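Notes follow the structure.
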Amino acid sequence: MDRIRITGGRPLRGCVHVSGAKNAVLPALAASLLTDAEIRLDRVPAVRDVETMLRVLGHLGVDTERQAGAGVTLRARSLTDCEAPWDLVRTMRASILILGPLVARHGRARVSRPGGCAIGERPVDFHVEALRALGAQVSQEHGYLEARSDGLRGAAFTFERVSVTGTENALMAACLARGETVLGNCAREPEVTDLAQLLIGMGARIEGLGTATLRITGVESLHGTRHVIPPDRIEAGTLIVAGALAGEDVEVEGCRPADLQALLERLRYCGVPLTATDSAVLVRRPSVLGAGGVTTAPHPGFATDLQAQFMVLMTQARGASVIRETIFENRFMHVQELRRMGARIRVEGHDALVEGPTDLSGAPVTATDLRASASLVLAGLVAAGETIVHRVYHLDRGYERLDDKLRLLGASIERLGS
Ligand code: EPU
């Protein structure tokens with residue numbers, strides 16, 4: 001199993017390019033199930049979750065082909081199966097995204113029910129309720145969710161709580177439902193808007209993009225299209241935090257600063273020198289970093305997927321910061337590992353209290369979640385001596401060679417085989 005070795009203390013300098021967004025490409029791949037025509041996606045990141053989704057789709061009978069230049073073509077001409085088996089779903093919860101499109105176009109879907117995961121219980125009841133509202137019969141037995149329908153019907157449905165993939169599943173299903181669907185309390189994450197844009201490119205009729213209410217008028221069928229996946233705002237945010245920790249002028253380019261407002265606002269508050277253009281952020285380490293708390297929230301609030309990385313930054317800030325996690329109940333696994341590196345952090349319920357500044361010292365560390373792993377890599381950049389991050393496969397699920405990108409900026413970082 002790969003590990004990453006980082007020797008801390010090297011300044012970062014130069015320009016780094018952001019890859020396509022993992023959380024945008026996963027629903028986009030699932031959307032290929034809605035049509036028998038070809039979908040071409042560009043700027044598809046080479047990350048393990050994409051491989052897993054391509055395997056799930058291949059299992060269902062979708063022809064998938066990687067093209068030069070990070071392109072993927074998909075064609076769901078006729079399906080050989082309607083089931084996503086446990087051995088694929090257990091490695092990636094986002095496999096649940098096939099449920100809506102499959103039942104909408106093929107009248108049947110069977111998906112192994114995802115279990116809890118390292119960051120929390122993560123139920124899928126909202127996905128099920130939304131599909132039921134559209135007229136699907138959904139049952140659960142032998143660990144599988146099975147949805148059936150002889151034609152979905154438009155309906156009004158309001159999510160009890162904001163759910164990103166729940167919104168995406170319902171949105172995809174509603175595109176082929178008869179009549180009008182109004183989805184309330186929808187997630188407003190840029191990845192949801194991007195999915196809506198892809199679906200519109202396929203012939204769907206959707207209004208209210210970027211708002212909490214999506215109105216969908218169902219159509220008979222959808223057609224093929226070509227679509228460019230947006231830049232990954234979480235990867236961009238991770239690299240910006242790296243710049244704030246150790247940068248002597250780092251340019252994170254090919255991103256959308258407009259999608260990163262909550263992070264940029266907090267960094268400025270803490271005294272991090274930043275310049276944002278339409279598609280890049282220039283950042284460097286401040287001479288004095290101030291403390292600042294954050295509370296995670298659905299977009300446009302502070303992203304839970306950047307909470308661990310921001311916490312590492314706060315270990316270097318002067319003063320105390322409270323970091324409140326409101327999205328997932330167990331997303332502080334990085335705290336124990338950061339403490340082993342010398343950080344002073346106390347967890348009280350949903351709050352982590354960080355006292356800074358602390359001199360971190362390199363250590364062997366491990367994490368069981370993607371963003372926690374990224375935070376440990378960031379900590380390694382400023383820790384004295386050597387940090388070895390184990391179980392790098394978590395990082396590779398969602399970051400396209402983060403180690404290579406940081407090395408190009410000047411970090412002393414290398415990947416070690418098992
Ligand atoms: N929830 C329910 N019932 C449901 C669905 C969600 O109670 O049926 C709860 C969850 O347990 C959680 C909250 O609602 O407490 C929000 O969860 P959400 O459904 O929005 O999360 P998700 O769609 O499963 C996506 C991202 C996550 C990201 C969250 C929150 C994808 C593929 N995954 O997950 O990304 O953290 O939204 O923004 O889009 C990551 O990339 O590392 C990652 C975990």
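The structure displayed is predicted, hence computed values, not measured ones. In each ligand, atom 1 is the first atom listed, and ligand 1 is the first ligand listed.
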Would His227 and Asp194 satisfy side chain to side chain donor-acceptor pair (under 3.5 Å), going step by step from the backbone distance to the final call? CA-CA 9 Å; His227 183 77; Asp194 183 67; 3.0 Å; yes
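- Of the listed residues (Leu88, Val111, Leu97), just one forms a side-chain contact (heavy atoms from CB on, under 4.5 Å) with Val56, and that residue is Leu88.
- The closest protein non-hydrogen atom to atom 3 (N) of ligand 1 is Asp125 OD1, 2.6 Å.
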For a side-chain contact (heavy atoms from CB on, under 4.5 Å) check, start with the C-alpha distance between Ile4 and Thr387, then their side-chain angles and the critical distance, and finish with the verdict. CA-CA 8 Å; Ile4 284 181; Thr387 296; over 6 Å; no
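- Of the protein's non-hydrogen atoms, Asn23 ND2, 3.6 Å is the one closest to atom 26 (C) of ligand 1.
- By the criterion of a heavy-atom distance under 4.0 Å, both the backbone and the side chain of Thr165 are placed next to ligand 1.
- The protein heavy atom nearest to atom 21 (O) of ligand 1 is Phe328 CZ, 3.9 Å.
- Evaluated for a side-chain contact (heavy atoms from CB on, under 4.5 Å) with Cys175, the options Ile206, Thr35, Thr181 yield exactly one hit, Ile206.
- Of all the atoms in ligand 1, the ones that sit under 4.0 Å from a non-hydrogen atom of Val124 are 4 (C), 8 (O).
- Remark: ligand 1 and Phe126 share an N or O pair separated by less than 3.5 Å (distance only, no angle test).
- Under the side-chain contact (heavy atoms from CB on, under 4.5 Å) rule, Leu41 has a single partner from Leu74, Val50, Thr225, which is Leu74.
- Annotation: atom 12 (C) of ligand 1 to nearest protein heavy atom, Ile327 O, 3.4 Å.
- In summary, the atoms of ligand 1 found under 4.0 Å from a heavy atom of His127, numbered by their order in the structure, are 8 (O).
- Contact analysis puts Arg331 in contact with ligand 1, with a non-hydrogen atom separation below 4.0 angstrom.
- Taking Gln67 as the reference, Thr73 meet the side-chain hydrogen bond (donor to acceptor under 3.5 Å, both in side chains) condition, with sequence neighbours excluded.
- Residue pairs meeting the salt bridge (Lys or Arg N to Asp or Glu O under 4.0 Å) criterion with at least one member in residues 60-76, sequence neighbours excluded, are Glu51-Arg66.
- With hydrogens left out, the protein atom closest to atom 19 (O) of ligand 1 is Ser163 OG, 2.6 Å, a heavy atom.
- Taking all heavy atoms of Gly166, Pro123, Ala94, Ser95 into account, the minimum distance to atom 5 (C) of ligand 1 is reached by Pro123.
- Below 3.5 Å of separation, one finds no N or O of Glu329 facing any N or O of ligand 1.
- Here the heavy atom of the protein found nearest to atom 24 (O) of ligand 1 is Arg122 NH2, 3.0 Å.
- Considering OG1 of Thr64 and CG of Leu57, their distance stands at 7.5 Å, rounded to 0.5 Å.
- Of the protein's heavy atoms, Arg161 NH1, 4.1 Å lies nearest to atom 9 (C) of ligand 1.
- Under 4.0 Å is where a charged nitrogen must lie from a carboxylate oxygen, and between Glu337 and Arg339 no such pair does.
- Those atoms of ligand 1 with a heavy atom of Leu370 less than 4.0 angstrom away are 42 (O).
- Annotation for Arg215: atom CZ does not count as buried by contact number, only 12 or fewer foreign heavy atoms lying within 6.0 Å.
- The residue Leu97 has no part lying near ligand 1, judged by heavy-atom distances below 4.0 Å.
- Interface of Val162 with ligand 1, defined as ligand atoms under 4.0 Å from a residue heavy atom, comprises 16 (C), 20 (O).
- Judged by distance alone, the side chain of Asp396 and the main-chain N or O of Arg48 form no donor-acceptor pair under 3.5 Å.
- Backbone and side-chain nitrogen or oxygen atoms of Thr304 are examined, and none is located within less than 3.5 angstrom of a nitrogen or oxygen of ligand 1.
- Among all protein heavy atoms, the one lying closest to atom 43 (C) of ligand 1 is Asp305 OD1, 3.5 Å.
- Residue contacts with ligand 1 leave out Glu160, since none of its heavy atoms falls under 4.0 Å from the ligand.
- We find that Arg331 and Glu325 are not joined by a salt bridge, their nearest charged nitrogen and carboxylate oxygen being 4.0 Å or further apart.
- Of the candidates Arg371, Lys22, Glu235, the one placing a heavy atom closest to atom 42 (O) of ligand 1 is Arg371.
- At least one N or O atom of Val164 sits closer than 3.5 Å to an N or O atom of ligand 1.
- Between Glu189 and ligand 1, no pair of N/O atoms sits closer than 3.5 Å.
- Salt bridge annotation for Arg226-Asp42: present, with a cationic side-chain nitrogen under 4.0 angstrom from a carboxylate oxygen.
- Using a 4.0 Å heavy-atom cutoff, Ile96 is absent from the residues neighbouring ligand 1.
- When side chains are defined from C-beta on, Leu245 counts as touching Gln316, because their heavy atoms get closer than 4.5 Å.
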